[in-house]
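Below, chains carry the letters A, B, ... as their sequence lines are ordered, and counting in each starts from 1.
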Amino acid sequence: MSTQSNKPKARLPRGLVDRHGAELTATRAMLDKIRAVYELYGFDALETPAIEYTDALGKFLPDQDRPNEGVFSFQDDDEQWLSLRYDLTAPLARHVAEHFDALPKPFRSYRAGFVFRNEKPGPGRFRQFMQFDADTVGAPSVSADAEICMMAADTLEAVGIARGDYVIKVNNRKVLDGVLEAIGLGGDENAGRRLTVLRAIDKLDKLGVLGVTQLLGEGRLDDSGDFTKGARLDAPQILTIRKTMLRGTPKPMNEDPVTISETSWLDQLERDFADNETASAGVRELRQIAQLCRAAGYGEDRILIDPSVVRGLEYYTGPVYEAELTFEVKDEHGRPVRFGSVAGGGRYDGLVARFRGEAVPATGFSIGVSRLLHALAHLGKMDAEPEIGPVVVLVMDKQPERIADYMKMVSDLRANGIRAEMYLGGGGMKAQMKYADKRNAPAVIIQGSNEKDAGEVQVKDLVEGAKIAAGIADNAEYRAARPAQFAVKEAELVEAIRGVLERRAAPSLGLAD
RNA sequence: GCAGGUGUAGCUCAGUUGGUUAGAGCGCCGGUCUGUGGAACCGGAGGUCGGUGGUUCGAGCCCACCCACCUGUACCA
């Protein structure tokens with residue numbers, strides 16, 4: 001029988017993608033812009049590996065039932081569990097804890113890299129994706145948090161998002177915790193319900209006030225008919241949450257919430273929860289952050305105190321921030337596209353302490369590189385121009401001495417900084433032309449025996465040629481026309497190609513053509 | 001994980017009440033053409049019809065289970 005059944009299938013696991021061409025170029029350009037801002041702010045580069053000991057990453061210790069829940073894990077040959085990192089913060093905490101004595105404090109660093117999550121992929125969600133983080137470790141004051149927010153705003157503008165098309169929303173976990181305490185959800189016995197409440201609030205921009213209210217109460221039936229159990233709060237509790245956390249949201253999807261100013265909201269919160277120490281401390285911190293940002297010239301259009309921001313539920317201990325894009329984009333069906341948050345972060349005072357016992361305050365944030373790039377593409381800010389391919393020297397004659405001639409041409413072009421290659425495949429001339437077309441070559445060089453005898457080469461400008469060809473309807477005529485093709489002396493080859501490339505680089509000055 | 005939907009060529013899809021050797025367009029490769037991308041004409045490759053089992057003389061079509069993908073939802077450090 002055939003070997004067909006044991007041939008491997010050429011395929012990629014779900015949630016993973018190959019990237020190439022314009023997308024890679026655009027990614028590189030964007031990373032450069034982000035890096036420039038981070039360095040301007042005084043952060044230094046740090047690289048950590050993609051693999052860590054599982055216990056260093058945190059809570060996801062593999063168990064027998066589900067060794068890979070959420071994280072990709074495997075055992076080393078000494079039986080120790082290793083995992084692919086699922087964010088860049090936990091590895092940073094490990095690095096700081098490991099080299100604590102040698103590092104300057106505060107320690108300010110940035111890093112970009114792929115992270116891995118073993119979960120269900122969706123549109124714009126992958127199992128491998130890139131993050132670009134910056135963190136300040138060892139700085140307890142809210143100045144560090146305010147600085148991160150300002151840098152986040154600067155970064156988004158640097159990559160091409162206009163002021164007004166984004167907002168950095170800031171909240172404080174102490175406020176959230178304090179309010180929950182005040183409505184009787186404090187203490188260990190209510191940990192589960194607190195989590196449910198926070199998750200519900202986090203869904204505000206997705207489900208709207210109505211949906212969140214349902215999740216705070218009995219629960220919610222989604223479009224597919226599936227029921228999500230709610231937090232089962234009573235009416236007064238729900239009212240309190242709606243009055244505080246759901247209020248003042250900058251983009252109400254529903255008419256319900258009354259948008260009030262940042263300061264009014266802070267005043268109200270301070271008044272209503274004056275006797276709750278946790279909430280009051282949170283409000284004080286938020287006021288300071290707002291004050292610092294305003295003093296530096298960042299208005300509410302850029303950095304906004306917003307009570308509905310929750311962020312991750314695991315390790316944030318103080319201020320939390322989230323960068324949201326506010327412009328509207330329609331998809332091909334005319335429906336609005338949501339980008340959601342493209343970056344986020346917060347204060348995590350307990351993360352390094354896991355390794356050291358003593359508290360090490362830290363704050364930082366993380367940009368979702370692929371998501372941000374996706375958003376930029378919708379904004380038309382991504383250079384989607386295909387790369388200009390190499391000049392292709394066609395092989396008209398396969399005699400070894402002629403091959404040497406062709407390679408010499410390529411070599412001369414390269415020596416002059418022109419991207420070039422000789423056709424290395426086995427095809428005939430037509431195949432070679434198709435190849436050049438597919439590679440987006442600006443020009444091909446043709447030298448058969450006739451040209452060789454005359455000491456000449458044919459240069460064909462493929463871009464011009466395509467333009468001219470568009471006006472030729474008849475096939476025979478098209479072939480005879482040899483559009484945008486001309487002969488030059490062998491010695492003038494480099495100069496001729498340079499001319500073609502220049503014409504290509506400045507098409508808007510095409511009056512002379 | 002839960003709910004719903006969809007699986008026929010690389011892509012988009014046809015395929016009669018179950019009936020010989022499963023089709024089209026586009027794409028791909030080659031030829032017409034010792035000389036030219038697109039177009040034209042001619043030819044070619046490419047399918048265990050998602051998988052397994054069942055019903056039947058006979059299954060792409062009917063039944064059961066499984067798998068994959070899509071959408072929503074849950075989780076998301």
Colleague: Measure from the side chain of A:Lys438, starting at C-beta and using heavy atoms only, and say which of B:rU32, B:rC28, B:rA74 lies closest.
Modeller: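 Side chain of A:Lys438 sits closest to B:rC28.
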Colleague: Establish, from distance only, whether the side-chain atoms of A:Arg111 and A:Thr48 form a donor-acceptor pair under 3.5 Å.
Modeller: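 Side-chain D/A pair, A:Arg111 to A:Thr48: absent.
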Colleague: Considering only atom P, compute the distance from B:rG30 to B:rU21 and round it to an integer number of Å.
Modeller: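 The answer is 33 Å between these two P atoms.
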Colleague: Got a salt bridge between A:Lys452 and A:Asp397, using NZ or NE/NH1/NH2 to carboxylate O under 4.0 Å?
Modeller: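 No, this pair does not count.
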Colleague: What about A:Lys460: does its side chain form a donor-acceptor pair under 3.5 Å with the base of B:rU36?
Modeller: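 Side chain to base: pair found, below 3.5 Å.
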Colleague: For A:Gly465, answer base if it contacts any base atom (sugar-phosphate contacts may also be present), sugar-phosphate if it contacts only those atoms, and nothing otherwise; contact means non-hydrogen atoms under 4.0 Å.
Modeller: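 Base: the residue A:Gly465, judged by heavy atoms under 4.0 Å, touches a nucleobase.
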Colleague: Would you say a side-chain N or O of A:Tyr478 is under 4.0 Å from OP1 or OP2 of B:rG37?
Modeller: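 For A:Tyr478, the contact criterion (side-chain N or O under 4.0 Å from OP1 or OP2 of B:rG37) is met.
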Colleague: Quick one: does any side-chain atom of A:Arg193 pair with a main-chain N or O of A:Ala231 as donor and acceptor, under 3.5 Å?
Modeller: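 Present.
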Colleague: Would one find a side-chain N or O of A:Lys229 under 4.0 angstrom from OP1 or OP2 of B:rU73?
Modeller: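 Negative; the distance criterion is not met.
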Colleague: Nearest to the side chain of A:Asp437, heavy atoms from C-beta on, is which of B:rA74, B:rG37, B:rU36?
Modeller: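 Output: B:rG37.
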Colleague: Mapping A:Ala484 and A:Gly15 onto RNA chain B by nearest heavy atom, which one lands closer to the 5' end?
Modeller: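 Nearer the 5' end of the strand: A:Ala484.
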Colleague: Got a donor-acceptor pair under 3.5 Å from the side chain of A:Glu451 to the base of B:rG35?
Modeller: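 Between B:rG35 and A:Glu451, which were checked side chain against base, a qualifying N/O pair under 3.5 Å is present.
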Colleague: Any donor and acceptor pair, going by atom type alone, linking the side chain of A:Arg194 with main-chain N or O of A:Leu185 inside 3.5 Å?
Modeller: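 Checking the backbone N and O of A:Leu185 against the side chain of A:Arg194, a donor-acceptor pair under 3.5 Å is found.
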Colleague: I want to check one thing: is the phosphate of B:rC69, taken as OP1 and OP2, less than 4.0 Å away from some side-chain N or O of A:Arg14?
Modeller: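 Yes, such a contact exists.
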Colleague: Looking at every strand, decide which applies to A:Ser449 at a 4.0 Å heavy-atom threshold: base, sugar-phosphate, or nothing.
Modeller: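 The residue A:Ser449 makes base contact.
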Colleague: For the C1' atoms, the ones on B:rA59 and on B:rC41, what distance do you get once it is rounded to whole angstrom?
Modeller: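 Their C1' atoms lie roughly 40 Å apart.
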Colleague: Indicate, with a heavy-atom threshold strictly under 4.0 Å, whether A:Asp202 touches base, sugar-phosphate, or nothing.
Modeller: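 Nothing, no nucleic acid heavy atom in range.
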Colleague: Can you work out whether A:Phe116 or A:Gln447 has the more 5'-proximal nearest nucleotide on RNA chain B?
Modeller: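 This one resolves to A:Gln447.
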Colleague: Taking donor-acceptor contacts at under 3.5 Å, does the side chain of A:Lys206 reach the base of B:rU73?
Modeller: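 Such a pair does not exist between side chain and base.
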Colleague: Determine the interatomic distance between C1' on B:rG54 and the same-named atom on B:rA24; round to the nearest Å.
Modeller: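 That atom pair is separated by 33 Å.
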Colleague: Measuring only the P atom in each nucleotide, how far is B:rA9 from B:rA3? A whole number of Å is fine.
Modeller: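 Those two atoms are separated by 29 Å.
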Colleague: At under 4.0 Å, does any side-chain N or O of A:Arg199 touch on OP1 or OP2 of B:rC75?
Modeller: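 Yes, such a contact exists.
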Colleague: Could you check whether A:Lys174 pairs with A:Glu285 (Lys NZ or Arg NE/NH1/NH2 to Asp/Glu carboxylate O, under 4.0 Å)?
Modeller: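 Between A:Glu285 and A:Lys174 there is a salt bridge, with a charged N closer than 4.0 Å to a carboxylate O.
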Colleague: Is it the case that A:Thr363 and A:Tyr321 place a side-chain donor and acceptor less than 3.5 Å from each other?
Modeller: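 A pair is found: one side chain offers a donor N or O, the other an acceptor, under 3.5 Å apart.
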Colleague: Check the angle between the aromatic planes of A:Phe72 and A:Phe116 and answer parallel, tilted or perpendicular using the 30° and 60° thresholds.
Modeller: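 The rings of A:Phe72 and A:Phe116 stand perpendicular, inter-plane angle above 60°.
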Colleague: Using whole Å, what does the distance between atom P of nucleotide B:rC75 and atom CG of A:Leu207 come to?
Modeller: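 Distance check: A:Leu207 CG to B:rC75 P gives 10 Å.
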Colleague: Within the modelled atom types, does a donor on one side and an acceptor on the other bring the side chain of A:Lys434 and the base of B:rG27 under 3.5 Å apart?
Modeller: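 Counting by modelled atom types and ignoring angles, no donor-acceptor contact under 3.5 Å is found here.
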Colleague: When the P atoms of B:rG5 and B:rG44 are considered, how many whole Å apart are they?
Modeller: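 That atom pair is separated by 43 Å.
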Colleague: Once Watson-Crick and G-U wobble pairs under 3.5 Å are found, how is RNA chain B written in dot-bracket notation, 5' to 3', with | for any base paired to another strand?
Modeller: (((((((..((((.....[...)))).(((((.......))))).....(((((..]....))))))))))))....
Colleague: Determine whether any donor atom in the side chain of A:Gln432 lies under 3.5 Å from an acceptor atom in the base of B:rU36, or the reverse, and answer yes or no.
Modeller: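 Check fails, no donor-acceptor contact within cut-off.
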Colleague: Expressed as a whole number of Å, how far does the P atom of B:rA14 sit from that of B:rU6?
Modeller: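 About 13 Å, rounded to a whole number of Å.
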Colleague: Main chain of A:Ser341, side chain of A:Arg371: is a donor-acceptor contact present, judged purely on distance under 3.5 Å?
Modeller: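 Flag set: sc A:Arg371 to bb A:Ser341 pair under 3.5 Å.
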Colleague: Select one nucleotide: of B:rG37, B:rU36, B:rU71, the one nearest the side-chain heavy atoms of A:Lys120.
Modeller: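 Comparing B:rG37, B:rU36, B:rU71 against the side chain of A:Lys120, the answer is B:rU71.
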Colleague: Rounding to the closest angstrom, what is the interatomic distance between B:rA64 and B:rU73 at atom C1'?
Modeller: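 After rounding to an integer number of Å, I get 28 Å for this pair.
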Colleague: If stacking means aromatic ring centre less than 5.5 angstrom from the base's six-membered ring centre, planes under 30°, is A:Tyr86 stacked on B:rA77?
Modeller: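 Yes, A:Tyr86 stacks on the base of B:rA77.
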Colleague: In whole angstroms, how far is the P atom of B:rG37 from the CG atom of A:Leu394?
Modeller: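 Going from A:Leu394 (CG) to B:rG37 (P), I get 11 Å.
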Colleague: Is the shortest distance from a Lys or Arg side-chain nitrogen in A:Arg232 or A:Glu218 to a carboxylate oxygen in the other one below 4.0 Å?
Modeller: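 Yes, A:Arg232 and A:Glu218 are salt-bridged.
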Colleague: Any side-chain N or O of A:Arg117 below 4.0 angstrom from OP1/OP2 of B:rC75?
Modeller: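 For B:rC75, neither OP1 nor OP2 has a side-chain N or O of A:Arg117 closer than 4.0 Å.
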